[in-house]
Amino acid sequence: MKENLVENLKNIESKIPKNVVLVAVSKTKPMESIVILYEAGQRVFGENRVEELVEKHENLPKDIDWHMIGHLQSKKVKKIASFIGLVHAVDSLKLLEEINKQAKRHERKIDCLLQFHIAQEESKYGLTIEIFRELIALNSFEKLQNITIKGVMGMATFTSDKNQVRKEFQTLKRLSKEVKTHFEKADIISMGMSGDFLTAIEEGSNMVRVGSSIFGARK
């Protein structure tokens, strides 16, 4: 198992430019696998379940940069606020306010990405550009002193139509430019997973979330 994991990691690393951050999506995977990748040099890991994330943080090396990549309920923010490195899927003002509240409790700033809905699938979460512009117009971000908007995140439609996926990534790239005009530190474009990260990089992604291509298919 060790040889396969490290080989998979190195294979992905060889395909992405140096300026692109690789988030190894370790959700549902055992801590032993994370340790193997950690010893191979990987430091950024992504989880989508709060309870699993907390357990892994408590039991694994403290210099791991943990990213919350899944939909985050406001009531669970307090469980990860003391250590989370980046929250990818911020899709509402309510969630932003709670992250800010919990960050203040821990006397820190929490980095966040604004998730935009770019897919045709209604089941996926995310802001619309209209809602974002409304929040800007209402000065909703100005009171949130304990968060830093670091960029945008989006998930393309799960489809074999590569042209559609590419167009959706292009949409997020355009949205990122508008977000950047309001938040000077918003340089991250988190898009692309195991099946489409190369296309995402071609369209401007500088952070990819890769799970099954490293860890193997989930059961």
Side-chain angles (χ1 to χ4, degrees), residues 1-72 79-89 110-113 115 124 150-160 162 165-166 168-169 172-173 187-219:
M1 179 180 74
K2 179 176 181 180
E3 290 76 11
N4 288 342
L5 280 173
V6 174
E7 183 179 342
N8 291 345
L9 175 65
K10 299 305 180 186
N11 180 49
I12 298 298
E13 288 178 334
S14 70
K15 294 178 179 179
I16 63 177
K18 295 296 184 182
N19 68 306
V20 176
V21 175
L22 171 61
V23 181
V25 179
S26 50
K27 62 183 184 180
T28 76
K29 296 303 179 180
M31 295 187 206
E32 292 84 354
S33 296
I34 297 175
V35 170
I36 290 170
L37 296 179
Y38 176 88
E39 292 175 345
Q42 179 66 22
R43 289 294 182 272
V44 186
F45 291 88
E47 293 283 333
N48 73 335
R49 296 186 179 92
V50 168
E51 290 75 15
E52 185 178 352
L53 172 56
V54 170
E55 182 182 7
K56 287 176 175 176
H57 168 259
E58 290 175 348
N59 290 281
L60 290 169
K62 291 300 177 278
D63 62 334
I64 287 178
D65 183 10
W66 292 106
H67 290 198
M68 180 66 192
I69 62 171
H71 179 65
L72 178 59
K79 297 182 179 181
I80 63 173
S82 65
F83 68 86
I84 195 67
L86 182 65
V87 180
H88 282 235
I110 294 179
D111 292 342
C112 298
L113 302 180
Q115 181 179 7
K124 287 189 167 66
K150 298 288 284 188
V152 300
M153 176 268 215
M155 297 176 65
T157 302
F158 184 70
T159 175
S160 59
K162 293 184 177 180
V165 171
R166 187 178 295 277
E168 291 170 356
F169 286 152
L172 189 62
K173 178 65 182 298
D187 296 316
I188 296 173
I189 304 176
S190 173
M191 61 184 185
M193 300 186 290
S194 288
D196 55 23
F197 72 91
L198 292 176
T199 301
I201 291 171
E202 290 173 3
E203 298 303 333
S205 175
N206 54 20
M207 181 174 285
V208 294
R209 311 177 301 273
V210 179
S212 58
S213 291
I214 297 175
F215 291 94
R218 292 180 176 83
K219 297 180 181 178

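Residues Val23 and Gly46 share a closest heavy-atom pair of CG1-N, 3.6 Å. The two residues Glu47 and Ser26 make their nearest non-hydrogen contact at OE2-OG, 2.6 Å. Residue Ile12 comes nearest to Ser213 through the heavy atom pair CD1-CB, 3.9 Å, listed as atom of the first residue, atom of the second, then distance. Of all heavy-atom pairs between Ala40 and Leu9, the closest is CB-CD2, 4.0 Å. For the residue pair Ala156 and Asp196, the shortest heavy atom distance occurs at CB-OD2, 4.3 Å. The shortest heavy-atom contact between Val208 and Phe197 is CG1-CB, 3.8 Å.
Residues Ile214 and Leu22 have side chains in contact (heavy-atom distance under 4.5 Å, counting atoms from C-beta outward). Between Leu60 and Phe45 the shortest side-chain heavy-atom distance does not fall below 4.5 Å.
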**OP:** Determine, step by step, whether Leu53 and Ile84 satisfy the side chain to side chain contact (heavy atoms under 4.5 Å, CB included) criterion, reporting the C-alpha distance in whole Å, the side-chain angles of both residues, the deciding distance to 0.1 Å, and the verdict.
**Re:** CA-CA 9 Å; Leu53 172 56; Ile84 195 67; 3.7 Å; yes

Subject >> Candidate pair Lys10 and Glu7, rule salt bridge (Lys or Arg N to Asp or Glu O under 4.0 Å), full reasoning >> reply: CA-CA 5 Å; Lys10 299 305 180 186; Glu7 183 179 342; over 6 Å; no

Original post:
Is there a side chain to side chain contact (heavy atoms under 4.5 Å, CB included) between Leu86 and Ile188 once you walk through the steps?
Top reply: CA-CA 11 Å; Leu86 182 65; Ile188 296 173; 4.3 Å; yes

Original post:
Going through the distances and angles, do Met207 and Val44 end up as a side chain to side chain contact (heavy atoms under 4.5 Å, CB included)?
Top reply: CA-CA 11 Å; Met207 181 174 285; Val44 186; over 6 Å; no

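From Glu55, atom CD reaches atom CE of Met31 across 4.0 Å, with rounding to the nearest 0.5 Å. We find the OG1-CE distance between Thr199 and Met193 to be 12.0 Å, quoted to the nearest 0.5 Å. Here Glu39 contributes atom CD and Ile34 contributes atom CD1; the two are 12.5 Å apart, rounded to the nearest 0.5 Å. Atom-to-atom distance recorded for Phe215:CZ and Thr28:OG1 is 9.0 Å, nearest 0.5 angstrom. To the nearest 0.5 Å, atom CH2 of residue Trp66 and atom CZ of residue Arg43 are 11.5 Å apart. For the atom pair CD (Glu168) and CD (Glu203), the distance works out to 11.5 Å, reported to the nearest 0.5 Å.
His67 and His88 have tilted rings, their planes meeting at an angle from 30° to 60° on a 0 to 90° scale.
Looking only at distances, a side-chain donor or acceptor of Asn206 sits under 3.5 Å from a matching main-chain atom of Ile189. Checked by atom type and distance alone, the side chain of Lys56 never pairs as donor or acceptor with a backbone atom of Glu51 at under 3.5 Å.
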